[in-house]
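Notes follow once the structure below has been shown.
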There are 2 protein chains.
Amino acid sequence: MADLPGRIRINEEGPREGFQFEKGPIATARKIALIDALSHTGLRQIQVVSFVPPQNVPGMADADDVVAGIRVNPEVAYTALWLNEKGLQRALGHDRLTIVGSIGLTCSEPFLLRNQKRTLQQNIDAQRSLLDMYRANGVAVRRGGLMAAFGCNFAGDIPPARVVDMVGQLLDLAREAGESLDFVSLADTMAWATPLSIRRVVGAVRERFPGLKLSLHLHDTRGMGIANACAGLEMGVDTFDAAVAGLGGCPFAAHKGAAGNVCTEDLVFLCDEMGVETGIDLSALMDAALLAEEVVGHPLPGSVKSGGSLKALRERIAAAH
Amino acid sequence: MADLPGRIRINEEGPREGFQFEKGPIATARKIALIDALSHTGLRQIQVVSFVPPQNVPGMADADDVVAGIRVNPEVAYTALWLNEKGLQRALGHDRLTIVGSIGLTCSEPFLLRNQKRTLQQNIDAQRSLLDMYRANGVAVRRGGLMAAFGCNFAGDIPPARVVDMVGQLLDLAREAGESLDFVSLADTMAWATPLSIRRVVGAVRERFPGLKLSLHLHDTRGMGIANACAGLEMGVDTFDAAVAGLGGCPFAAHKGAAGNVCTEDLVFLCDEMGVETGIDLSALMDAALLAEEVVGHPLPGSVKSGGSLKALRERIAAAH
């Protein structure tokens, strides 16, 4: 495990994933309480809301109030999601948000056609429009996202060579707009990845684009989330999306068993125990995970919040001696 | 991932783990139904009951009836657990059981003292008595087990060198009794293992005892079960205990969040997708996992039973073309 990074960065997506996915309704104050708790765990980036039409995502109807209500920790970058100019404008209305321009492609045309009613080419055109929109608003584009990078419920397996090609298309799109991506996020949108495919895809992309920073967005639908994150760590990946307590799910996968993102506190536990620094206080994060369960009103899938950390046990053992 | 074994063997422990751990009561016929379903999945070894005093483990009061009621698949070895001569005699009363003599040590004396009221030395003496008992009953001793091989809630971290030493003690015990162990099972009894410690411990044991076959018994309390199994696979380990749907838990760990064994169908999914043969029909196993939930009357932790296999999706995609 020689390639383990010394330190990773976790982008917490639990609030946005959870409030979007959960039937709720969840009181605005409770959403804010969860975000505030997460803000004091050592997490440095928290995606808090998406600015989308409330008729599409009722749980985001109070997105502006949620953002306005956060007790801001200046060490945390609070981010948001949007799908169009209107959403971006709402985000730009909040000084407290960190605005990161992002473009995204999808490896599967059947998935695109089904969920966004776009062909691959139409989606490329849509990203060009997004780049225009960012330029018009003075927003730098720093992030590229690639959905269905490990497989698709409608297209099946995705060959690593296709992922490499799509990453190239993302980089080209940015370049032609005079932008330079800080990193590309490879998303296992429908939970097809295994440690083997993580290694193959990350390896293939890295071979073609050695200097490119990669991030992984993993889902846990088939229980592979932590094993896949571990495979990413072993490939030297140092940025991960995760969701506290495993909040969320993929409402677009036409799949009722679809589980949320890989669980933040389980990932932090893995890192703590393998000597990879996260800067996060696992104990505070476990408290936030238990709060997340209270806020949504039902059990959530993460394990360490109920299984307990080893640090606490080690301290108890040391105290007894 | 060059060291992945071509084929692994899974020892299904779900029935024994589950019926022992679940509050129940579960009707005998339902227990038998689950075992019969598991018998037709391709599993070749199923641990079905433990012969222990019913006042200690009420869920095993009907162990003899369960064994007598199984619709035997001749390709399956049905095994049982016992702790003393009385239990062994009950097991020997059933022709349909495969009787495997086993001795076991524990890496942690505080755990031993707490749960078996024995020192390390007293436990070694107890294993000598077991070996005598097996010899008196004409039972060959083929399995060595090592509990708390990756850490202990009462002793803390266990150094790999200690595990190596304890494996040596197991082999010596067998040798002095004229027995030869087929394999040693390393048990992560209290879920302290991570992929890193799996590699370190398996690597250290293998370096000292290159010809010794190892098996892993993993718990999922902290969500590391599949990642740990994957680390074992990558070290070439080819025998795993697992429990359908993640049945079970460790009632001796003084730990209410303790989860069951690594989930069989999630492990089979991992193997299927990484090209490691198990001989198991994942679809039939997922049906058995759903039956297990019905039998115990509450949700169980495995993911693939609700997340679905990729084989089914691939078939649907192929049929649509």
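As a basis for the values below, the full set of heavy atoms in this structure was taken, side chains included, without hydrogen atoms, waters or symmetry mates. Chain A is the first sequence line, chain B the second, and so forth, proteins listed ahead of strands; every chain is numbered from 1.
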Q.
Would you say that more than 12 heavy atoms from the other residues, nucleotides or ligands in this model lie under 6.0 Å from the CZ of A:R206, or not?
A. yes
Q. Counting only heavy atoms not in A:R208, do more than 12 fall under 6.0 Å of its CZ?
A. no
(Q) Using side-chain contact (heavy atoms from CB on, under 4.5 Å), reason through A:L313 and B:W192 one step at a time and then give a plain yes or no. (A) CA-CA 10 Å; A:L313 286 169; B:W192 279 57; 3.9 Å; yes
Q.
To the closest 0.5 Å, what do you measure between CG (A:L270) and OG1 (B:T194)?
A. 7.0 Å
Counting only heavy atoms closer than 4.5 Å, note whether [X] contacts chain B via side chain, backbone, both or neither.
X	value
A:C152	backbone
A:S197	neither
A:I317	side chain
A:A155	backbone

Q: Would you please test A:D157 and B:R314 for side-chain contact (heavy atoms from CB on, under 4.5 Å) and show each step?
A: CA-CA 8 Å; A:D157 295 289; B:R314 287 192 187 102; 2.6 Å; yes
Q | Partner residues of B:L113 under the side-chain contact (heavy atoms from CB on, under 4.5 Å) criterion, sequence neighbours left out | A | B:E109, B:T119
Q. With sequence neighbours excluded, what pairs up with A:P159 under the side-chain contact (heavy atoms from CB on, under 4.5 Å) test?
A. A:R162
(Q) With salt bridge (charged side-chain N to carboxylate O under 4.0 Å, His left out) as the criterion, how do B:D266 and A:R222 come out once you've worked through the C-alpha distance, each side chain's angles and the decisive distance to 0.1 Å? (A) CA-CA 7 Å; B:D266 291 4; A:R222 296 179 176 88; over 6 Å; no
Q.
When you compare the side chain of B:L196 with that of A:E273, does any pair of heavy atoms fall below 4.5 Å?
A. no
